[in-house]
Amino acid sequence: MVKNKLNCARVFCIGRNYAEHVQELSNTIPEKPVIFIKPATCLVKPGEKIHFPKHGKELHHEVEIIVKIGSEGRVAREEEALSFVSAVTVGLDLTLRDVQADLKKKGLPWEIAKAFDQSAPIGSFVPYNKSIDLNNISFGCKVNGIERQRGNSRDMIFSIPRLLVELSKIWMLRPGDLLFTGTPSGVGPLKVGDSIEIKSNLTGSFSWSIVE
Ligand code: MG
């Protein structure tokens, strides 16, 4: 298996996992998780410059909680799901909203709107242990010092254990897999020159700047 420098092969992402965000984009609450994948080559470490993608105009921030998988296998029951989690952080599911809107209208796949180079900035991971309550992480993001998004993992439509069960029905989980768990409301545009800071009570903060 080909691995990148972050030792990750696959980045699973969940769409429409917070009710207020579903409403702000006029989508309907899903009955099953909406799943898509970014290649691991999209990952960006804290502090690296992010180049504004040239194939779209409206680059949106979506701050999300991310869990890393530590062992191989399929999660059969929600009760055993957390034993597969090795670490946690926050990151951004950067999205070209204008491109995505066009793809959605045409019923086409989302990759060029969501899986372009540098579309997945992530913070440093905090090792997971059972004293961490994944169902009560407060997190958010600021752009140029002004708060844009604030959320708590307890408001997920599908909890992290449920997501891992659903993913396991389709893919065998492998160490190094990442799962972006969806964004709360408040998504909005980034432009060249902006600086974006994300944080959670668990991880501290991480920031990036957007350049041409
Ligand atoms: Mg997202």
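Note that the numbering runs from 1 along the sequence shown for the chain. Whatever order the structure lists them in is the order used to number ligands and atoms, beginning at 1.
- Sorted by first and then second residue, the side-chain hydrogen bond (donor to acceptor under 3.5 Å, both in side chains) pairs with a member in residues 120-132 read N129-S131; sequence neighbours excluded.
- Among residues two or more places apart in sequence or in another chain, the side chain to side chain donor-acceptor pair (under 3.5 Å) test is passed with E197 by S205.
- Shown are E64, E62, Q149, H21; of these, the side chain to side chain donor-acceptor pair (under 3.5 Å) with T183 is made only by Q149.
- Using cut-offs of 30° and 60° for the angle between ring planes, the F12 and W171 rings count as tilted.
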Verdict with reasoning, K169 to E166, per salt bridge (Lys or Arg N to Asp or Glu O under 4.0 Å): CA-CA 5 Å; K169 292 176 182 172; E166 293 295 330; 3.1 Å; yes
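- Residue pairs satisfying the side-chain hydrogen bond (donor to acceptor under 3.5 Å, both in side chains) criterion with at least one member in residues 79-90, sequence neighbours excluded, are listed as follows: R77-E79.
- Within the protein, the N, O or S atoms lying under 2.8 Å from the Mg ion (ligand 1) are E62 OE1, E64 OE2, D93 OD2.
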